[in-house]
2 protein chains.
Amino acid sequence: MARWEPGTSERLRAAALELFASNGYEQTTAADIAGAVGLTERTFFRHFSDKREVLFNGQEQLIESFLAGISAAPDDAAPMDLVAAALESGTALFAHERRPFSRLRQSVIDRNPALQERERHKMSGLAATIGDALRARGVPEPAATLAAESASTVFGIAFTQWIGDGETRSLTDIARDVLAELRGMVGGRG
Amino acid sequence: MARWEPGTSERLRAAALELFASNGYEQTTAADIAGAVGLTERTFFRHFSDKREVLFNGQEQLIESFLAGISAAPDDAAPMDLVAAALESGTALFAHERRPFSRLRQSVIDRNPALQERERHKMSGLAATIGDALRARGVPEPAATLAAESASTVFGIAFTQWIGDGETRSLTDIARDVLAELRGMVGGRG
DNA sequence: GTCTATAGTGCGATAGAC
DNA sequence: GTCTATCGCACTATAGAC
């Protein structure tokens with residue numbers, strides 16, 4: 001019998017989401033979350049560098065998935081092809097069953113400016129990492145940054161649609177449509 | 001003779017930038033900044049809702065300038081024409097003389113993750129406001145959001161170039177080039 | 001202007017796993 | 001013995017309430 005249960009971070013995250021959803025983010029202290037899983041505030045901060053992080057940890061695989069799509073693309077792929085490849089791969093993580101969880105989490109974030117700020121920061125980090133991958137493949141500036149930011153923007157818009165009321169399409173399908181819309185809008189008629 | 005000096009916010013902002021630049025953001029307390037201009041910590045927080053805000057207040061005219069460009073565009077302008085108009089107008093605020101100040105301010109931000117987070121948040125607010133303006137002009141979704149985010153991205157990339165070492169072009173000229181690059185990249189050859 | 005709650009840090013002590 | 005997760009306590013700064 002272990003002295004400490006495994007998966008402490010996961011349990012803290014689950015408890016945090018639950019408490020944030022029912023009592024509000026600001027009304028929930030770090031000590032409340034820790035207490036809910038039988039730990040102390042100090043331990044909470046060992047697992048998460050700050051209180052917001054408890055809602056944003058575990059996104060590493062999202063980044064990895066975007067990067068995997070880029071790695072798998074053919075050598076002669078244009079920047080926008082790499083964006084498409086990254087989106088195909090990155091959006092595949094969001095299975096239909098995940099929608100209720102994503103909706104709940106987003107509703108918490110949408111009600112708090114500090115959390116929105118952190119969310120933007122994370123999306124920005126995603127774009128930066130994609131940009132690095134593109135530059136590593138030889139995409140020059142400013143194309144690499146433009147492409148990376150476009151991928152992040154398309155993902156964000158698609159995600160918002162995906163968790164929208166009554167939406168049933170897959171995130172991947174939505175992202176394809178949004179990307180097509182971007183191509184049409186920027187490319188124009190000519 | 002006034003009871004207190006006018007331009008308190010401005011003096012606090014100037015003192016803050018100076019202290020952040022020389023001592024670091026985290027090493028500078030709100031009380032330090034207030035003390036530097038003969039005020040108390042409490043007064044600092046009456047002028048700025050939080051410590052980071054002291055570096056980001058005063059960007060309202062940037063937003064207004066972007067919106068003015070959109071308002072002035074012809075009725076039949078396409079979304080990307082509106083992006084171009086917004087950028088022309090918004091970038092015009094950054095006169096050459098402002099470069100040293102912008103460089104110093106950015107160097108402070110670049111050295112602190114919390115400030116980068118706030119910066120992203122502000123850029124995000126800019127994109128959201130542009131998006132509102134586009135929707136008000138009848139641009140549908142997701143084109144409005146895509147265009148607004150593109151404007152914000154182009155501005156960000158152009159700004160980074162503008163404060164780069166040895167750069168002499170105007171921000172407006174750089175933004176034009178970056179926007180052209182975006183058009184070329186997304187539009188592709190066809 | 002004062003008072004207070006909370007976020008977040010630093011450090012030493014403890015106690016199981018190995 | 002080492003390693004690591006936890007606790008407990010003291011502490012500062014932010015930020016908001018009064």
Side-chain angles (χ1 to χ4, degrees), chain A residues 1-58 108-109 111-122, chain B residues 2-5 8-9 11-13 15-58 108-109 111-122 125:
Chain A
M1 184 68 182
R3 171 99 164 75
W4 302 288
E5 303 295 325
T8 305
S9 291
E10 285 70 16
R11 285 183 298 127
L12 282 169
R13 275 192 242 135
L17 180 59
E18 201 175 317
L19 290 169
F20 291 164
S22 50
N23 308 336
Y25 172 78
E26 306 216 321
Q27 286 66 43
T28 305
T29 68
D32 289 339
I33 302 165
V37 298
L39 297 169
T40 67
E41 181 187 61
R42 193 67 189 84
T43 303
F44 176 91
F45 284 112
R46 262 184 50 83
H47 284 268
F48 307 102
S49 54
D50 67 51
K51 191 180 151 189
R52 304 177 203 174
E53 243 345 77
V54 75
L55 268 181
F56 293 92
N57 248 356
V108 168
I109 294 171
R111 274 185 257 118
N112 188 281
L115 292 175
Q116 293 164 34
E117 209 168 333
R118 177 57 53 85
E119 185 181 39
R120 277 288 164 177
H121 187 67
K122 293 290 179 176
Chain B
R3 218 156 49 150
W4 22 261
E5 302 297 323
T8 305
S9 290
R11 285 183 299 127
L12 281 168
R13 272 191 245 137
L17 180 58
E18 200 175 317
L19 289 169
F20 291 164
S22 49
N23 307 335
Y25 172 77
E26 305 217 321
Q27 286 66 45
T28 306
T29 70
D32 290 339
I33 301 165
V37 298
L39 298 169
T40 67
E41 180 186 65
R42 186 67 186 81
T43 305
F44 176 91
F45 283 112
R46 277 200 289 106
H47 284 269
F48 307 102
S49 54
D50 67 52
K51 189 180 153 188
R52 304 177 202 174
E53 233 1 65
V54 74
L55 268 181
F56 293 93
N57 248 357
V108 169
I109 294 171
R111 273 185 259 117
N112 188 283
L115 293 175
Q116 293 165 34
E117 208 167 333
R118 176 58 51 86
E119 185 182 40
R120 277 288 162 178
H121 186 67
K122 292 289 179 177

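Every chain is numbered from 1 and lettered A, B, ... according to where its sequence line falls, protein lines coming before strand lines.
- Side-chain contact check for B/V108 versus B/L55: some heavy-atom pair is nearer than 4.5 Å.
- When all heavy atoms of A/H47 and A/N57 are compared, the closest pair comes out as O-ND2, 4.0 Å.
- Nearest heavy-atom pair across A/F20 and A/V54 is CE1-CG1, 3.8 Å.
- Within residues 10-17 of chain A, no residue is approached by DNA chain D to less than 4.0 Å at the level of any non-hydrogen atom.
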Donor-acceptor pairs under 3.5 Å, side chain of residues 26-36 of chain A to any protein atom, not counting sequence neighbours: which ones?
| residue | atom | partner | partner atom | Å |
| --- | --- | --- | --- | --- |
| A/T28 | OG1 | A/G24 | O | 2.7 |
| A/T29 | OG1 | A/A31 | N | 3.4 |
| A/T29 | OG1 | A/D32 | N | 3.0 |
| A/T29 | OG1 | A/D32 | OD1 | 3.3 |
| A/T29 | OG1 | A/D32 | OD2 | 3.2 |
| A/D32 | OD2 | A/T29 | N | 3.0 |

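- Nucleotides of DNA chain D nearest to B/Y25 and A/R46 differ in position, and the one nearer the 5' end is that of A/R46.
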Please tabulate the protein-to-nucleotide N/O contacts below 3.5 Å involving nucleotides 16-18 of chain D, giving atom names and distances.
| residue | atom | partner | partner atom | Å |
| --- | --- | --- | --- | --- |
| D/dA17 | N6 | B/R42 | NE | 3.1 |

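- Using a 4.0 Å cut-off between charged nitrogen and carboxylate oxygen, A/E117 and B/R52 count as a salt-bridge pair.
- Residue A/T40 places its side chain closer to D/dG8 than to any other of D/dA15, D/dG8, C/dA7.
- The interatomic distance linking A/F48 (CZ) with C/dT9 (C1') rounds to 18 Å, in whole Å.
- With a 6.0 Å cutoff to the six-membered ring centre and a 45° limit on the axis angle, A/K51 does not count as a cation-pi contact of A/F44.
- Contact annotation: A/H47 side-chain N/O to D/dT6 OP1/OP2 distance is under 4.0 Å.
- Side-chain atoms of B/R111 and B/Y25, non-hydrogen and from C-beta on, never get closer than 4.5 Å to each other.
- Atom CD of A/Q27 and atom P of D/dA15 are 17 Å apart (whole Å).
- Here the CZ atom belonging to A/R118 is positioned 8.5 Å from the CG atom belonging to A/L115, to the nearest 0.5 angstrom.
- Rounded to whole angstrom, the span from the CG atom of A/N112 across to the P atom of D/dA15 amounts to 13 Å.
- For C/dT6, the OP1/OP2 oxygens have no side-chain nitrogen or oxygen of A/T29 closer than 4.0 Å.
- Distance CZ (A/F44) to C1' (C/dT9): 15 Å, rounded to an integer number of Å.
- Atom pair A/K51:NZ and C/dT6:C1' shows a separation of 8 Å (rounding to whole Å applied).
- A/E53 has its CD atom 15 Å from the P atom of C/dA7, to the nearest Å.
- In this structure, A/F20 atom CZ and C/dT6 atom P are separated by 14 Å, rounded to whole Å.
- The pair A/R46-A/E41 does not meet the salt-bridge criterion, since no charged nitrogen lies less than 4.0 angstrom from a carboxylate oxygen.
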